[in-house]
Amino acid sequence: IWCLLQLERYKETVQAARAFLESYPSGQDTLDIHYFLGDACFRTNDYRGCIAELRKALNGTTAAWKYVDANIRLADALGKLKAFSAAAVV
């Protein structure tokens, strides 16, 4: 999934990530997959999907540093949806 994301094959990344999460909903790499899925959703202009997936990644970890750029992407997606009040507190 990460390789597809790095190759900028975003639609395939979304499909692969969703398939992974369906097959392994509580797998060890679930939070990373939510993060990758959120990034791919952002890059395909699915800002609502991006927000949902990044929040799952961020809410599932106590190590906020792990997804530090997820907060930036989350704020960007909220801004795209004109949810400026929510973006301001990310």
Side-chain angles (χ1 to χ4, degrees):
I1 295 169
W2 181 83
C3 292
L4 290 170
L5 187 62
Q6 297 308 305
L7 291 169
E8 300 179 4
R9 294 166 55 180
Y10 303 124
K11 289 182 182 181
E12 291 174 68
T13 303
V14 169
Q15 293 170 347
R18 287 189 174 141
F20 180 92
L21 291 169
E22 187 174 310
S23 296
Y24 307 101
S26 59
Q28 180 178 354
D29 298 319
T30 300
L31 295 179
D32 289 339
I33 301 303
H34 283 297
Y35 171 74
F36 298 147
L37 178 53
D39 192 26
C41 285
F42 182 89
R43 294 170 188 270
T44 58
N45 300 324
D46 176 10
Y47 303 118
R48 292 184 196 290
C50 169
I51 292 164
E53 296 304 326
L54 291 181
R55 283 190 171 149
K56 288 175 188 174
L58 289 167
N59 291 338
T61 185
T62 57
W65 58 267
K66 185 172 184 180
Y67 303 117
V68 68
D69 56 333
N71 285 311
I72 296 166
R73 180 70 76 210
L74 180 58
D76 285 345
L78 288 163
K80 296 281 188 185
L81 295 175
K82 307 274 190 252
F84 301 116
S85 296
V89 296
V90 170

- request: Determine, step by step, whether Leu74 and Ile51 satisfy the side chain to side chain contact (heavy atoms under 4.5 Å, CB included) criterion, reporting the C-alpha distance in whole Å, the side-chain angles of both residues, the deciding distance to 0.1 Å, and the verdict.
  value: CA-CA 6 Å; Leu74 180 58; Ile51 292 164; 3.8 Å; yes
- line: Here the pair of heavy atoms bringing Ile1 nearest to Ala16 is CD1-O, 3.7 Å
- prompt: Applying the 4.5 Å side-chain criterion to the ILVMFWY set and letting contacts propagate, would Leu31 and Tyr24 be lumped into a single cluster?
  reply: yes
message: How close do Cys41 and Cys50 get, counting heavy atoms only, and between which atoms?
response: CB-N, 3.5 Å
message: For Gln15, give me all partners under side chain to side chain donor-acceptor pair (under 3.5 Å), at least two apart in sequence or on another chain.
response: none
field: Residue pair Asn71 / Val90: nearest heavy atoms and the distance that separates them
entry: O-CG1, 3.3 Å
message: Using side chain to side chain contact (heavy atoms under 4.5 Å, CB included), reason through Glu53 and Leu21 one step at a time and then give a plain yes or no.
response: CA-CA 11 Å; Glu53 296 304 326; Leu21 291 169; 4.3 Å; yes
Gap between atom CG of Asn59 and atom NE2 of His34 - 0.5 Å precision: 10.5 Å
message: Hydrophobic clustering (ILVMFWY, side-chain heavy atoms < 4.5 Å, transitive) - are Leu81 and Leu58 grouped together?
response: yes
- prompt: So with a 6.0 Å cut-off around CD of Gln28, is the heavy-atom count from everything else above 12?
  reply: no
Separation of Leu37 CG from Thr30 OG1 (nearest 0.5 Å): 11.5 Å
message: Assess whether a salt bridge exists between Asp39 and Arg43, defined as any Lys/Arg side-chain N lying under 4.0 Å from an Asp/Glu carboxylate O.
response: yes
Side chain to side chain contact (heavy atoms under 4.5 Å, CB included) between Lys82 and Phe84, intermediate numbers included: CA-CA 5 Å; Lys82 307 274 190 252; Phe84 301 116; 3.7 Å; yes
- request: Dump the intermediate steps for side chain to side chain contact (heavy atoms under 4.5 Å, CB included) on Tyr35 and Leu54, then the final yes or no.
  value: CA-CA 5 Å; Tyr35 171 74; Leu54 291 181; 3.8 Å; yes
task: For residues Leu4 and Glu12, report the shortest heavy-atom separation together with the two atoms involved.
output: CD1-O, 3.8 Å
message: I need the Ile72 CD1 to Phe42 CZ distance, nearest 0.5 Å.
response: 11.5 Å
task: For Thr44 and Lys11, indicate whether the former's side chain and the latter's backbone hold a donor-acceptor pair under 3.5 Å.
output: no
